[in-house]
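Here is the structure we will look at, set down as structure tokens.
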There are 2 protein chains.
Amino acid sequence: MRNMGRTSGDPTPDGVPERLVQATIRLLAEQGPSAIKARTVASASGLSTMAVYHHFGGIAELIRAVADRGFTELDRAFSQVPVTEDPIADLFAMALMTRRVARENPHLYDLMFGLSTRRATYRPLSDSDVRSSGRSPAFRGAYVHLAEACARLVSSGRIGQQEPEAVAAQSWSYVHGCITLELADHFAEFADPVAQVLLPMGVNLAVGLGDDRERAQASHEAGARLYDSVTRGSEDQAVAE
Amino acid sequence: MRNMGRTSGDPTPDGVPERLVQATIRLLAEQGPSAIKARTVASASGLSTMAVYHHFGGIAELIRAVADRGFTELDRAFSQVPVTEDPIADLFAMALMTRRVARENPHLYDLMFGLSTRRATYRPLSDSDVRSSGRSPAFRGAYVHLAEACARLVSSGRIGQQEPEAVAAQSWSYVHGCITLELADHFAEFADPVAQVLLPMGVNLAVGLGDDRERAQASHEAGARLYDSVTRGSEDQAVAE
DNA sequence: CCTGCTACTATAACGACGTTATCGAGAACA
DNA sequence: TGTTCTCGATAACGTCGTTATAGTAGCAGG
């Protein structure tokens, strides 16, 4: 609650809050949200339950910090996608990145976009952890990647003249909907949900936005190659253990 | 757990399980998921906590029954949409219906599609409440409306020849993504998320699937009229209190 | 050295929760 | 009437989030 427990060094801080957040993320991935208890995360971190309350204020704030960490990881995943001359390929690569992050910790993704962690509690949310527009800095860091890619797409003239925010909202809705339904096992009838739903739907959306089908199809393949090159290059460097 | 507490009368059964489910739904809508406790739903139903365990087995099963009731309401909402000669208009009306159900009880919608209620617990899910394909009968009842509309769309020849299941998955993903992001306040920048995101994106998806933009636009307006006629005709008869 | 202060943590406790054991009320039936 | 069963109320147990209390370590000044 007071400071971060570290005097210097920004990458991979080894402070107590960091240990609590990472232990919570690990419990979330291994045992689901029902395993997140004050005593559980404390003992998994080698600490007492008081550490949770001194550094975060309670379990609710811890969970919110964990969800925010999820957006930080999404931001880092988006940062690995290079900016090419094909905005739709970039968007496809970001879609596959989002799916990778979601599948690495489905419960964390559920926490990031669920309602229970936002306004469920009685907080007036006028605190300092919510800065300018009601969303956390980590969230906006990830969102600007999407918004900038959509802005590049509109300014390229490849699709019709329309608001970049609307394009971003549609792209985001399509990816988020696909991922959520896949995580909830609603795409069990598809052997390869990416090849059968996510990517064809992206091509359809691009065509609906005004792109040519051939170019959209080519961007889909370019985006898949972009994703492969990025993920193969870093090869589980994001896994912390 | 044993019977339904009623001897006859299928519509609006007044048994104890029904009272518990409706009390839970009401608490969910008014105070969020954190208000769902055994003592809370019991006292809200004028009963003791034992009623929950006699009829459901525990809070987890109650919540699952509540989520299933959500699909029952979605099924009933879809049943109110008539089958016209314009499948895309029908799909637009169903999309608006889904958004209406979701906004009537956002936390219930979150429960229906979240991960926490499915495989979070340690159940092997080989029970009898999951019948044929891993989904509840109520879910499949709602889903067939979507699947049949997509089958009508494909067989109409209006879009390209493609698998109806893929069309259904894409339609579902798009609507579910839009609704989820809107419920999580991620569309706060849009004054009218329906007119600015949901409906234009539906037109784009229809165009991407192979429809003409003019016909898709006309179906969008026809679907909106269809939705208005249905909802204005029943006018809060679904609200149980 | 001791003293006071700060930052943080462990221990123990309190109230609330999910769950269960036990028992009583009422119906069905012989 | 007696038996059995269903069902729900009461009370209890263990766990949870949270808090009060007390303790440890480091540091400044004497």
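In what follows, every chain begins at residue 1, and chains take the letters A, B, ... in the order their sequences are listed.
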Roughly how many Å is it from NZ in B/K37 to C1' in D/dT15, rounded to a whole number? 14 Å
Taking C-beta and beyond as the side chain, do B/H145 and B/D75 meet within less than 4.5 Å on heavy atoms? yes
Does C/dA7 have its OP1 or OP2 closer than 4.0 Å to a side-chain nitrogen or oxygen of A/H55? no
State, with a plain yes or no, whether a side-chain heavy atom of B/L96 is found less than 4.5 Å away from one of B/R100. no
Gap between atoms CD1 and C1', on A/I63 and D/dG17 respectively (whole Å): 11 Å
Residues which pass side-chain hydrogen bond (donor to acceptor under 3.5 Å, both in side chains) with A/D110, listed by chain and number, not counting sequence neighbours: none
With a 4.5 Å heavy-atom cut-off, do A/R76 and A/M97 have their side chains touching? no
Rounded to the nearest angstrom, tell me the gap between atom CD1 in A/I59 and atom P in C/dA16. 19 Å
When the distance from CD1 of B/I36 to P of C/dG18 is rounded to whole Å, what number comes out? 10 Å
The bend of the helix from C/dC1-D/dG30 to C/dA30-D/dT1, taken between the axes of its five terminal pairs at each end and rounded to 10°, is 20°
If you check every side-chain atom of B/T49, which of C/dT19, D/dG8, D/dG17 has the closest atom? C/dT19
I'd like to check the salt bridge (Lys or Arg N to Asp or Glu O under 4.0 Å) partners of A/R39; sequence neighbours left out, ordered by chain and number. none
Minimum-distance nucleotide to A/S48 side chain [options: D/dC7, C/dT11, C/dT19]: C/dT11
For A/Y109, which residues count as a side-chain hydrogen bond (donor to acceptor under 3.5 Å, both in side chains) partner, sequence neighbours excluded? A/H176
Please give, in whole Å, the distance from C/dT11 P to A/L47 CG? 12 Å
Testing C/dA12, C/dC8, C/dT19 for proximity to the side chain of A/H54, the answer is C/dC8
To the nearest angstrom, how far is A/L20 atom CG from C/dA10 atom P? 10 Å
Which one of B/E18, B/R26, B/R19 satisfies the side chain to side chain donor-acceptor pair (under 3.5 Å) criterion with B/Q22? B/E18
Please state how far atom CZ in B/F56 lies from atom C1' in D/dC7, giving the value in whole angstrom units. 14 Å
DNA chain D contacts made by residues 38-46 of chain B, counting heavy atoms under 4.0 Å: B/R39, B/G46
Measure the acute angle between the ring planes of A/Y143 and A/W172, then classify it against the limits of 30° and 60° as parallel, tilted or perpendicular. tilted
Non-neighbouring partners of A/A42 that pass side chain to side chain contact (heavy atoms under 4.5 Å, CB included), sequence neighbours left out: A/T49
Across the strands shown, which category fits B/L62 at heavy-atom distances under 4.0 angstrom: base, sugar-phosphate, nothing? nothing
Testing C/dT9, D/dG17, D/dA9 for proximity to the side chain of B/M50, the answer is D/dA9
Tell me: OH of B/Y53 to P of C/dC17, nearest whole Å? 12 Å
